[in-house]
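All values below come from the heavy atoms of this structure, side chains included, with hydrogens, waters and symmetry mates left out. Chain letters run A, B, ... following the sequence lines, proteins first, then strands; residues in each count from 1.
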Amino acid sequence: MDLLSEKFLGYEPVHIEELIGKKGKTQGTMRDVEIEKVKEYAGEDADITLQLKNVFTPMLKTKEVEKVFNEVENPLVQVLVDMEYEGIRIDEEFLKEYSKELEKDAKKAEESVYKQAGVRFNLASPRQLGEVLFEKLKLDPSARKTKTGQYQTGEDVLLKLAAKGNDIVENILIFRELTKLKSTYVDALPQLICKRTGRVHTTYGQAVAVTGRLQSNNPNLQNIPVRTERGKEVRKAFIPRDNKHILLSADYSQIELRIVASISGDKNMCEAFREGTDIHTATAARVYNVDEKAVTKEMRYKAKSVNFGIVYGQGAFGLADNLGISRTEAKEIIDNYKKQFPGIQKYMDDTINFAREAGYVETLMGRKRWLRDINSANFTVRGFAERNAINSPIQGTAADMIKLAMYKVHTAMKKAKMQSKMLLQVHDELVFDALKTEVKELKPLIIENMQTAMKLPNKVPVIADCGEGKNWLEAH
DNA sequence: AGAAGTCTCGC
DNA sequence: CAAGCGAGACTTCTT
């Protein structure tokens, strides 16, 4: 059954109450919602019992995990149902216009590529593109191939070719960007606008992502472009329900790094957060052993990359590749980092050792992730599990925190009898349709509840910021 | 028609 | 070999 069509294509939405267990169902309310989601995810004929067992077995094994179920997941069900039901309004006309513009400019870039290559082919095919770039034009004699024998033509590869002055590559990158925006967002979103509500209604997966994060599909509203200028335009299409409302966006500041500092207990990083200075600048000052005022843009940029890499278990090779620096320099930076933040290194070692003994890692709330490969004899396989071990407690604790916050905010809004609605969650961000007359009261309500949803150990402060505007881009 | 592979969007 | 978690468009191969 398609939850979306049942909800909005003329049927009375009574089944929602059934789903959330208001009619005498005291047990397994979340399971009922999840059955629908599993069906959507795995297909109508999926073995639901088996799927659900896989989903909930890790959660029901110990008292700590029952806590995650009882305090985080079950209360969240109603919040998610409300958000999905509400949906977010889309400026269809704007997207239709933008689509024409993208079409025109993509075509232009495409024709330029064919002219420069001296041959017409399917530019949307990585395989054909690779053959043109590396066999016909011979742009890079040492071009690397994928495991299936075709040339790699990913953005990183193309950017390196562009840096060597290959004009054709610029147009390929433009073509890729514009066709991506057009097909995935600009043309796809209008098709998902519900006729009856005039809005798009995403579906959230509550027990799909292994770390405890939410997942959004049909449409995925957790990957709307924001990085490039032409990508940002898409966000202008997400608008308030009417002129009495505005969009409001509240997001956690550096939440994953704060959690790293907190659960590792690293003195220097905890202190940096308590001081309230910019964390990447503070990191650069330590790694390069200079005063914070002497930190250059480049130093900060590199420190930022290390901070993110740490969260993912990245090594010297990955950092060098990412920053385009030598492996020697990358190793030097990482060694300095570990010296300056010894608690971080200890956290990584301790976490991997714990996982080897226990077979799992867990978040501050006790959410578990099982790691069956953590003792594998295979270097590569074990390496993956070790990076999972480092990352999961961090990503998962952030997920626990915002899930708790969502319930708290939702409850507080109901208690204050507000008409404003929570619409979207994007991992560290919540988006609201805010009645203009409620904004003044709503903003502090959101920020206060987000910041106090979960107390972090070692006195690491949690900060949330809030913006508003006539579309999602302005609010962000 | 569906699976696999590649690529790109977000946090 | 080498950076975590996702969705989804498109091409190409398999059934």
Answer with base, sugar-phosphate or nothing: what part of the nucleic acid does Val426(A) contact at a heavy-atom distance below 4.0 Å?
sugar-phosphate

What pairs of donor and acceptor atoms, side-chain ones from residues 422-431 of chain A against any protein atom, are under 3.5 angstrom apart with sequence neighbours left out?
{"from": "Gln425(A)", "atom 1": "OE1", "to": "Gln222(A)", "atom 2": "NE2", "distance (Å)": "3.1"}
{"from": "Gln425(A)", "atom 1": "OE1", "to": "His427(A)", "atom 2": "N", "distance (Å)": "2.9"}
{"from": "Glu429(A)", "atom 1": "OE2", "to": "Ser249(A)", "atom 2": "OG", "distance (Å)": "2.7"}
{"from": "Glu429(A)", "atom 1": "OE2", "to": "Trp472(A)", "atom 2": "NE1", "distance (Å)": "3.0"}

Side-chain ion pair, Asp433(A) and Arg89(A), N-O less than 4.0 Å
no

Using side-chain contact (heavy atoms from CB on, under 4.5 Å) as the criterion, list what pairs up with Gln314(A), not counting sequence neighbours.
Leu319(A), Asn322(A)

Ignoring hydrogens and angles, tell me if any N or O in the side chain of Arg369(A) forms a donor-acceptor pair with the backbone of Glu362(A) under 3.5 Å.
no

If the sugar-phosphate is the primed atoms plus P, OP1 and OP2 and the base is the rest, what is the B/S/- string for nucleotides 8-15 of chain C, using protein heavy atoms under 4.0 Å?
BSSSSS--

Once you apply a heavy-atom cut-off of 4.0 Å, does Glu155(A) come out as touching a base, just sugar-phosphate, or nothing?
sugar-phosphate

Could you list the residues that satisfy side-chain contact (heavy atoms from CB on, under 4.5 Å) with Arg327(A), not counting sequence neighbours?
Phe317(A), Ala320(A)

Quick one: side-chain hydrogen bond (donor to acceptor under 3.5 Å, both in side chains) pairs with a partner in residues 224-236 of chain A, sequence neighbours left out?
Asp105(A)-Arg230(A), Glu177(A)-Thr228(A), Glu233(A)-Lys236(A)

Hits for side-chain contact (heavy atoms from CB on, under 4.5 Å) against Tyr151(A), two or more places apart or cross-chain, chain-then-number order -> Phe134(A), Glu135(A), Ala143(A), Lys145(A)

Spacing of Tyr204(A) atom OH relative to dA7(C) atom C1', expressed in whole Å
13 Å

State plainly whether the residues Asp335(A) and Lys331(A) are in salt-bridge range, i.e. N to O under 4.0 Å.
yes

Pairing residues for Glu298(A) by the salt bridge (charged side-chain N to carboxylate O under 4.0 Å, His left out) criterion, not counting sequence neighbours:
Lys302(A)

When the distance from CD of Gln152(A) to P of dA2(C) is rounded to whole Å, what number comes out?
12 Å

Return each pair, listed once, that meets salt bridge (Lys or Arg N to Asp or Glu O under 4.0 Å) where at least one residue sits in residues 376-390 of chain A; pairs must be two or more places apart or across chains.
Arg356(A)-Glu386(A), Arg382(A)-Glu386(A)

Assert: residue with more 5' nearest nucleotide on DNA chain C, out of Gln222(A) and Gly318(A), is Gly318(A)

Would you jot down, in residue-number order, the residues of residues 325-360 of chain A having a non-hydrogen atom under 4.0 Å from DNA chain C?
none

Under the side-chain contact (heavy atoms from CB on, under 4.5 Å) rule, collect the residues that match up with Asp187(A), sequence neighbours excluded.
Ser99(A), Lys182(A)

Within this structure, what is the CD1-to-P distance between Ile224(A) and dG6(C), rounded to whole angstrom?
19 Å

In this structure, how many angstroms lie between the P atom of dG4(C) and the CD1 atom of Ile394(A), rounded?
12 Å

In whole Å, what separates the C1' atom of dC1(C) from that of dT8(B)?
23 Å

Residues Lys104(A), Glu111(A): salt bridge by 4.0 Å N-O rule
no

Can you tell me the distance, in whole Å, between the CG atom of Asp428(A) and the P atom of dC5(C)?
18 Å

Of all of residues 376-392 of chain A, which get a heavy atom below 4.0 angstrom from DNA chain C, listed by number?
Phe379(A), Phe384(A), Arg387(A), Asn388(A), Asn391(A)

Any idea how Tyr360(A) and Phe354(A) line up, ring-wise: parallel (<30°), tilted (30 to 60°), or perpendicular (>60°)?
perpendicular

Passes salt bridge (Lys or Arg N to Asp or Glu O under 4.0 Å), Arg213(A) versus Glu256(A)? Steps please.
CA-CA 13 Å; Arg213(A) 272 189 174 185; Glu256(A) 290 200 349; 3.7 Å; yes

Atom-pair distance (CG on Leu319(A); C1' on dC1(C)), nearest Å:
17 Å

Positional range of nucleotides in DNA chain B within the contact set of chain A, heavy-atom, under 4.0 Å:
dG5(B) to dC11(B)

